[in-house]
Student: 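Please read through the structure below; I'll follow up with questions.
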Amino acid sequence: MPELPEVETVRRGLEPAMTGARFVAVEARRPDLRFAFPADFARRLSGQTVLSMGRRAKYLLADLSSGDVLVMHLGMTGRFLITAPDGGMLEPGEFANEVVEDSKHDHVVFRLSNGFTITYNDVRRFGFMDLVPRVGLETSRHFKAMGIEPLGNELSGETIERLFEGKAAPLKAALLDQGLIAGLGNIYVCEALNRAGLAPERPAGTLTEKQAGKLATVIREVLEEAVEAGGSTLKDYRHTDGSLGYFQHRFRVYDREGEPCTTPRCKGTIERLVQSGRSTYWCRACQH
DNA sequence: AATACCCCCTGAGTGC
DNA sequence: TGCACTCAGGGGGTAT
């Protein structure tokens, strides 16, 4: 269930197992995930070394010695399992209170020269993998229309004002628009709007300079907190007792319909509404 | 151009 | 035990 912080957590987990390693064998157990695997997927990966593991928005990027980039998206349910040379299994993410065997949905297996095996598991198969030449990656189909990186230097109040200028679309939709800011998902948009005191249905183009600045600040804040929470799980993602990491991170509004708002001095109650077919959680008492 | 809706897929949870 | 229905963290495509 990855949003940007979860993808970043997965990247950090995969990095030590994959960087510097060579693909010894690649197995795609079906012809497609959300999309067909690229032609000669296994052959183009085999023998290549992973130079580095990167991320852009919710996309994982493995830079290969061949000059290709292995682009991986986790969709809604994608996850990686790491099997160490000693046979221990790890999941580089915050959802692993325990490593659950679910080989039915193991769709891709990477066997690496360092003895690690990386298995991609995806129940709903909304994830995908692609191979794109590094030269021109930014203008390739996945990235050409992509908005700014919310944890990058581009995110600021001024940028948000410029991106949202004249927009009648509700803030919720504008923030979910990957062509404006790339990487915000349903949870963190709800959380950021609550922290910023902004109503999800408010037209995006109506933000004041001060409000846009506040929004930029809380977006960065909520994402960084979540990355930190995910990271804490990384230290103990095998046989964790549930007391660590992501699951201790309480969302303030997401999936909390009917609960009291946690904003200081606010007496409101969290409500759910549907926007563009997706649930929005918010407090009408403190978000305007 | 901008916005709204439907869809891909499987499984978990709920109510009867 | 089963069945019908709703919902799920993403995002691409199409209709308006």
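Here the structure is a predicted model, which is why all the values come from computation and not from measurement. Residue numbering restarts at 1 for every chain, and letters A, B, ... go by the order of the sequence lines.
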Student: For this output row, return yes or no: ring centroids of A/Phe128 and A/His73 closer than 6.0 angstrom.
Tutor: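 Yes: the rings meet the under 6.0 Å criterion.
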Student: Salt bridge between A/Arg11 and A/Glu8, side-chain N to carboxylate O under 4.0 Å?
Tutor: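 A salt bridge links A/Arg11 with A/Glu8.
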Student: With sugar-phosphate meaning primed atoms plus P, OP1 and OP2, does A/Tyr59 contact a base, only sugar-phosphate, or nothing at under 4.0 Å between heavy atoms?
Tutor: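 Answer is sugar-phosphate: A/Tyr59 comes under 4.0 Å of backbone atoms only.
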Student: How far, in whole Å, is B/dC6 from C/dT6 if one measures between their P atoms?
Tutor: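 So the two P atoms sit 13 Å from each other.
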Student: Dot-bracket for DNA chain C: what is it, with Watson-Crick or G-U pairs under 3.5 Å, [ ] where a pair crosses earlier ones, and | for a pair to another strand?
Tutor: .|||||||.|||||||
Student: Say we look at C/dG11 and B/dG11: how far apart would their P atoms be, to the nearest angstrom?
Tutor: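 22 Å, rounded to whole Å.
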Student: Of A/Ala173 and A/His105, whose closest DNA chain B nucleotide lies nearer the 5' terminus?
Tutor: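 The answer here is A/Ala173.
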Student: Write down the distance separating the P atoms in B/dC5 and C/dC7, rounded off to the nearest Å.
Tutor: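 It comes out at 15 Å once rounded to the nearest Å.
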Student: Go through the side-chain N and O atoms of A/Asn121 and A/Lys104 and say whether any donor and acceptor fall under 3.5 Å apart.
Tutor: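 The answer is no; no qualifying pair exists.
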Student: C/dA8 P sits how many Å from A/Ile187 CD1, rounded?
Tutor: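 One finds 11 Å between P of C/dA8 and CD1 of A/Ile187, rounded.
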Student: When you match A/Ala168 and A/Arg30 each to their closest nucleotide on DNA chain B, which lands nearer the 5' end?
Tutor: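 Looking at DNA chain B, the more 5' nearest nucleotide goes with A/Ala168.
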Student: Does a side-chain N-to-carboxylate-O contact under 4.0 Å join A/Arg252 and A/Glu191?
Tutor: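 No, this pair does not count.
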Student: Would you say the base of C/dA8 and the side-chain of A/Arg124 have a donor-acceptor pair closer than 3.5 Å?
Tutor: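 For A/Arg124, whose side chain was compared with the base of C/dA8, there is a donor-acceptor pair (under 3.5 Å).
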Student: Applying a 4.0 Å non-hydrogen cut-off, can you work out what A/Arg125 is touching in the nucleic acid: base, sugar-phosphate, or nothing?
Tutor: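 Sugar-phosphate contact only - A/Arg125 comes under 4.0 Å of backbone atoms but never of a base.
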